[in-house]
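Notes for the one structure printed next.
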Number of protein chains: 2
Amino acid sequence: MIVKSKQPNVKGTVPRRSYRQFCSLARALDILGERWTLLVVRNLLLGPQRYKDLLDGLPGIGTNLLARRLKDLEQQGIVRRRQLPPPAGSTVYELAELGRGLEPAVIALSRWGLWTLQHPRPRNLFRPAWGMLAMRILFRPEAARGVRETYQWQIDEEVFHIRVDDGAAEVQQGPAPHPDLVFTCDSETFRGLAARTLSPEDALASGSLKFEGDVAALAHFREVFQPPD
Amino acid sequence: MIVKSKQPNVKGTVPRRSYRQFCSLARALDILGERWTLLVVRNLLLGPQRYKDLLDGLPGIGTNLLARRLKDLEQQGIVRRRQLPPPAGSTVYELAELGRGLEPAVIALSRWGLWTLQHPRPRNLFRPAWGMLAMRILFRPEAARGVRETYQWQIDEEVFHIRVDDGAAEVQQGPAPHPDLVFTCDSETFRGLAARTLSPEDALASGSLKFEGDVAALAHFREVFQPPD
DNA sequence: CTGCATCCGCCTCGATACTG
DNA sequence: CAGTATCGAGGCGGATGCAG
């Protein structure tokens, strides 16, 4: 005789599959362990996104699956659905407190995965937003003591900024009010920088990477975002 | 026309499902994101395990799935298969360098998941080994400066130890040579301690938790393994 | 056009049985 | 003890439908 461990599957109240272990890792994976879930969180770490933005930023996800993940994440209190004020009026998804608390875990997993970028797969896509995650990985809090600067990155048509404030760093999409430094490059160059297969020196020397701003700020940036070698 | 992105699926050389993104998080999840994989790593973080130990420590996993996960993890260089020297002679699985590098990510995810233990699910199982993971989470490096002690935990029939060495902590299964402190309790008590629904004071007062050793070491332990509140 | 819902084929998962 | 073989159920991926 087969005993169903799940409820009769009332539509909308599906009791998610669970490891049924009293363990914080297992419980975390009950919530985040399904396919695409952590990648949705990754994309939302840069700021609120519309449904369409998420679809574009998650190439390969099915539109149905994205909808389901967002619904689950919202129900779990990780993601919040919000209407932008007029005249925009569009709905955006953003991380709730619980979701923002995932940053350390996302960073830790990404840092572990850094080695894989040395062995690139043939047909892998790249988005500048994912490269900004690498910036978050390379950030060294102890080297940022006393530093209070904002760095802006313009990669092709996309803009991001990093706000460093004395040991803390925040990476967000969009321009910053008064950046101390503005970098400009194309997506290909940024890809190399993020994967550390292209050194900043070479990129600056070849002109594929340009910067505008104080030279002292550039020195700070290079000091603060250094690989742990 | 439908283009198959995968190879003809030759047995043994299956090209694993991939997000196909040039992103360290996506690549990490290509390797670790499938069901049970990180839980296998969690169990191996406490030391080498036989196949049977892993099956017991991962209730709910199918034996076929465990075999497949171990094979994949070994091929990825995360897990190593090793024969114990005679007279034991049994095969054990242990983490390779790459696998040991996963500890920060596992800790980070577990720490995020700690809040879930306040809302226990009805039929969730518990193993002392999972509680030792909580110990690793509660460890505060800055409070362990200058501390160089070993704490042993005897939970029902299982034994673990924690070696603290000036800002670093290592949690392993089995007894320690010369522990500075030995705790003894049953699984139920330990579960409450790990979930922080039972305070050490109450446990010691009620006698469900006993300790043997130096009182100064007990003070150190309490200082070093404190919640971040 | 955005923001989903529905449908369908395939592949992974989970449970059990079985073998060296 | 240490796995392999088998098979049904369900999650996933891709295409398409549809309402605001």
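Protein chains get the first letters and strands the later ones, always in sequence-line order, with residue 1 at the start of each. What's counted below: heavy atoms across the whole structure, side chains too, no hydrogens, waters or symmetry copies.
Atom pair A:R17:CZ and D:dA9:C1' shows a separation of 11 Å (rounding to whole Å applied). Between the CG atom of A:L73 and the P atom of C:dC4 there is a distance of 13 Å, rounded to whole Å. Residue A:L66 contributes atom CG, which lies 13 Å from atom P of D:dC12 at whole-angstrom precision. A:E74 has its CD atom 14 Å from the P atom of C:dG3, to the nearest Å.
Proximity note for B:T63 (side chain, C-beta onward) versus D:dT4, C:dG3, C:dC13: the nearest is D:dT4.
B:Y93 comes within contact range of the sugar-phosphate backbone alone, with a heavy-atom separation under 4.0 Å but no base atom that close.
Residues B:S208 and B:C185 share a closest heavy-atom pair of O-CB, 3.3 Å.
Side-chain N/O atoms of A:K71 include one lying less than 4.0 angstrom from OP1 or OP2 on C:dA5. Considering only side-chain N and O atoms, B:R81 lies under 4.0 angstrom from the phosphate OP1 or OP2 of D:dG3. A sub-4.0 Å separation between OP1 or OP2 of C:dC11 and a side-chain N or O of B:R68 is absent.
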- [ ] Test A:F183 against A:W153 for ring-ring contact (aromatic ring centres under 6.0 Å, His included), laying out the working first.
- [x] CA-CA 5 Å; A:F183 294 98; A:W153 280 84; 4.3 Å; yes
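Counting non-hydrogen atoms of other residues, nucleotides and ligands closer than 6.0 Å to CD of A:E94 gives a total above 12.
A:R121 is linked by a side chain to side chain donor-acceptor pair (under 3.5 Å) to nothing, counting only residues two or more places apart in sequence or in another chain.
The list of side-chain hydrogen bond (donor to acceptor under 3.5 Å, both in side chains) pairs with a residue in residues 45-74 of chain A, not counting sequence neighbours, reads A:R16-A:D72, A:T37-A:R69, A:Q49-A:Q173, A:R50-A:D53, A:Y51-A:T63.
Using a cut-off of 4.0 Å between Lys/Arg side-chain N and Asp/Glu carboxylate O, A:R80 and A:E97 are scored as salt-bridged.
Listed in residue order, the members of residues 31-61 of chain A having a heavy atom less than 4.0 Å from DNA chain D are A:E34, A:R35, A:W36, A:G60.
At a cut-off of 3.5 angstrom, the base of D:dG3 holds no donor-acceptor pair with the side chain of B:N64.
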